[in-house]
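Just so we're clear, the structure is a prediction, and the values are computed from it rather than from any experiment.
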Amino acid sequence: MALRLGELLKSKGFVSDAQLNVAMAQQTITGDLLGDTLVKLAFVSSREMAQVLAEQAGTEFLDLFEYPPTDEALRLVPRDIAEKTGFLPLSVGEKGIAIGVTNLTNILAIDTAAKLTGKPPRVYMVDSDSFYATLERAYYFLENPIHKRIDAIVNDIKNAVAQTAATVASLSEMIIMDGIKRNATDIHIMPAAETVHILYRIDGVLQHARCLPRSTQNGIVSRIKILSQLDIAEQRLPQDGSFTFSFLSRKYDMRISTIPTIYGENVVIRVLGGSGLLLRISSLGFDEQDTERLKLLFSKPYGIILITGPTGSGKTTTLYAALREIDLLEKNVITVEDPVEYKLSFVRQTEVNEKAGYDFALAGRNFMRQDPDVILLGEIRDEETSKIAIRSSITGHLVLATLHTNDAVTSIPRLVDLNVDRYLLSASILAVVAQRLVRKICMNCKAEVDIENGYLRSIGLPDLEGKVKKAHKGAGCVLCSHTGYAGRISIGEILIVNDEIKELIYSGASVQAIKEAASRNGMKTLRDAGIRKAIAGITTFEDVVRVAG
């Protein structure tokens with residue numbers, strides 16, 4: 001079976017002979033199964049392993065991050081039975097129950113599900129990492145309904161029951177836990193004249209969750225400040241901090257930002273370390289031509305490749321996917337990240353530590369002594385970091401880095417603004433990849449709809465008016481929390497720096513001139529990439545306009 005699995009993964013291009021040899025060498029030491037060893041080494045992700053096995057068996061793979069179990073299905077199957085028999089109840093319908101398994105030969109799971117419902121279950125393959133994490137989370141929240149616990153505390157406060165420090169601490173933690181349950185990337189605690197609003201950013205969009213009594217504001221903010229080791233007495237100035245929140249065997253890095261407003265301190269909590277999806281370039285969402293361009297770029301021996309976009313646009317995921325295109329057994333790859341979101345074998349990963357004085361610039365200065373072939377700088381933030389990146393790339397190293405700009409072309413003036421020499425920039429830069437994340441239409445409630453005359457023009461897409469008559473939308477269902485969307489996918493534009501563009505950069509040409517040259521060279525804009533996905537029924541025209549303008 002081990003050899004057959006190895007050959008199957010090789011045929012899909014997921015592993016090489018060298019990687020298989022390393023995995024089997026480690027297997028002789030640990031005694032683990034070959035598949036488990038490949039996943040531990042990050043040569044193959046748990047998700048990729050499950051997809052390959054599902055395809056081999058002719059069974060559909062289901063992404064639990066996009067389609068979490070429904071409460072109705074969880075109530076039907078007690079937790080101990082689900083754990084003992086190794087299946088996850090997903091949803092219940094007229095045709096019976098849908099279940100997720102990590103082993104398609106698990107007959108006990110199929111028989112148990114059939115006995116519970118009286119009908120044969122619909123079986124889906126799910127990856128083992130998501131399976132255990134989802135099982136623990138889903139049953140915890142079923143047995144401990146966060147919204148009811150928050151409502152009980154709010155009722156006590158409204159009825160003038162004593163508001164103790166323990167109550168406030170519990171309320172603060174439940175707000176964070178509710179955000180984790182909803183897969184929020186940011187938690188907003190916003191004071192108003194009479195209430196406190198709690199909002200969560202989910203799939204890139206803020207969603208209002210609840211109102212709390214105004215009297216809870218100071219207690220919640222103080223509790224979060226204490227966790228973040230901030231000054232609770234200082235309420236007139238902005239503060240930044242962080243803390244680690246442990247929940248259900250997983251640690252979340254919480255980045256805190258406070259600012260004073262007319263109604264009190266506004267708090268935003270950035271939630272990091274929740275998903276950690278390890279993807280390949282081909283799975284990011286770029287079209288086939290752009291995917292091949294990216295693979296070619298990341299195979300270059302030297303130069304600098306920039307990934308740009310706002311916070312939360314998937315830049316880190318793209319960087320990890322880039323590292324998987326590099327032969328990590330032949331090349332020394334060293335990174336500095338903030339924070340390390342996914343551990344990769346045979347990559348020397350380091351993490352920013354501002355308190356100790358270890359930042360991107362210091363790391364970049366010292367990396368050259370580590371005999372690197374590839375350097376990953378998590379972010380170019382200042383003049384020193386940008387010059388280190390350029391200098392490293394022109395001395396025979398491939399440098400991967402992120403930068404905050406709106407599109408690919410404006411990265412050039414941004415680097416010039418950081419006092420990077422135009423000649424060195426034109427000589428070193430290979431490409432700039434600008435990207436965004438658009439929401440995917442929920443496949444469970446997806447439906448085709450007619451586009452009314454004038455609608456595309458009204459939302460800012462006049463070029464498509466009269467040319468596109470049909471579109472797809474999600475009607476809203478239990479699986480997508482009635483939003484019509486489930487998960488996100490990348491759209492991007494790739495600026496390849498050819499000889500013409502090098503000359504334009506060196507001569508100080510305008511952004512428009514560089515953009516026109518890039519367009520002649522085959523660059524498609526973010527907006528064009530989004531429109532193609534909307535026409536293909538992957539996302540909606542509205543979401544493309546929201547993200548790409």
Side-chain angles (χ1 to χ4, degrees), residues 19 22 40-45 242 251 253 255 270 272-281 284 294-295 297-309 311-382 384-404 411 428-433 435:
Q19 289 173 323
V22 170
K40 285 180 180 178
L41 287 168
F43 291 158
V44 180
S45 70
S242 65
K251 290 185 177 180
D253 189 12
R255 303 292 174 90
R270 163 58 56 93
L272 296 170
S275 56
L277 287 176
L278 187 61
L279 301 177
R280 293 183 186 271
I281 292 292
L284 293 175
L294 288 174
K295 286 182 177 181
L297 283 169
F298 293 128
S299 67
K300 298 286 186 181
Y302 55 84
I304 183 168
I305 301 172
L306 295 173
I307 314 292
T308 77
T311 301
S313 59
K315 298 188 297 295
T316 302
T317 301
T318 299
L319 283 176
Y320 281 129
L323 292 182
R324 300 188 76 196
E325 293 298 317
I326 295 164
D327 190 338
L328 300 178
L329 297 177
E330 289 189 357
K331 293 186 176 181
N332 180 17
V333 179
I334 187 163
T335 79
V336 56
E337 305 168 55
D338 183 22
V340 171
E341 292 186 26
Y342 205 108
K343 296 177 178 64
L344 293 171
S345 295
F346 298 98
V347 176
R348 291 73 170 167
Q349 293 173 275
T350 72
E351 194 166 83
V352 165
N353 187 337
E354 299 285 357
K355 289 181 180 178
Y358 184 66
D359 57 14
F360 290 110
L362 180 63
R365 286 198 302 272
N366 288 276
F367 276 2
M368 302 306 289
R369 301 172 193 162
Q370 287 285 315
D371 183 34
D373 296 294
V374 180
I375 296 172
L376 188 153
L377 292 173
E379 186 180 342
I380 292 178
R381 292 182 175 176
D382 50 34
E384 186 178 7
T385 315
S386 62
K387 289 183 176 178
I388 288 168
I390 297 294
R391 193 156 53 243
S392 300
S393 67
I394 61 176
T395 54
H397 305 89
L398 180 64
V399 178
L400 310 177
T402 70
L403 188 69
H404 286 272
S411 298
S428 61
I429 192 161
L430 293 173
V432 183
V433 181
Q435 66 179 67

Under the criterion side-chain contact (heavy atoms from CB on, under 4.5 Å), which of I375, L376, I388 is the partner of F367?
I375
Would a distance-only check, ignoring hydrogens and angles, find a side-chain to backbone donor-acceptor pair under 3.5 Å from K315 to G309?
yes
Does any N or O in the side chain of T402 come within less than 3.5 Å of the main-chain N or O of G378, such that one atom is a donor and the other an acceptor?
yes
Could you tell me whether D253 and R255 have a side-chain N and a carboxylate O separated by less than 4.0 Å?
yes
When every non-hydrogen atom of L377 is compared with those of A389, the smallest separation belongs to CD1-CB, 3.8 Å
Would you indicate whether the side-chain heavy atoms of M368 and S392 approach each other to under 4.5 Å?
yes
Working for side chain to side chain contact (heavy atoms under 4.5 Å, CB included), residues Y342 and T317:
CA-CA 9 Å; Y342 205 108; T317 301; over 6 Å; no
Which heavy-atom pair separates G357 from L362 by the least distance, and what is that distance?
O-CD2, 3.3 Å
Could you measure the distance from the NE2 atom of H404 to the OG1 atom of T311? Nearest 0.5 Å is fine.
4.5 Å
Do Q349 and L323 have side chains that approach each other closer than 4.5 Å (heavy atoms only, starting at C-beta)?
no
Rounded to the nearest 0.5 Å, the CD1 atom of I390 sits from the CD1 atom of I380 at a distance of 6.5 Å
Indicate whether the side chain of E337 and that of Y320 have a donor and an acceptor atom separated by less than 3.5 Å.
yes
For the pair R348 and D371, find out whether any cationic side-chain nitrogen is under 4.0 Å from an anionic carboxylate oxygen.
no
Over all atoms of both residues, closest heavy-atom pair of S411 and L306
CB-CD1, 4.5 Å
Would you say T335 and L400 make side-chain contact, with heavy atoms under 4.5 Å?
no
Would you say E351 has more than 12 foreign heavy atoms packed within less than 6.0 Å of its CD?
yes
Taking atom OH of Y358 as the centre, report whether more than 12 heavy atoms of other residues, nucleotides or ligands fall under 6.0 Å from it.
yes
When you measure from the side chain of D373 to the backbone N and O of N332, does any donor-acceptor pair fall under 3.5 Å?
yes
Exam field: side chain R365 to backbone F360, donor-acceptor pair closer than 3.5 Å
no
Measure the spacing between CZ of R391 and OG of S428 and express it to the nearest 0.5 Å.
11.5 Å
Approximate separation, where rounding is to 0.5 Å, of D327 CG and Q19 CD
7.0 Å
Hey, is the main chain of S313 close enough, under 3.5 Å, to the side chain of Q435 for a donor-acceptor pair?
yes
Taking all non-hydrogen atoms of both residues into account, name the closest pair between R280 and V44 and its distance.
NH2-CA, 4.4 Å
First locate atom CG of L294, then atom CD1 of I307, and finally report the distance between them rounded to the nearest 0.5 Å.
7.0 Å
Is it true that atom CD of E354 has more than 12 heavy atoms of other residues, nucleotides or ligands lying nearer than 6.0 Å?
yes
Distance (rounded to the nearest 0.5 Å) between L329 CG and F43 CZ
5.0 Å
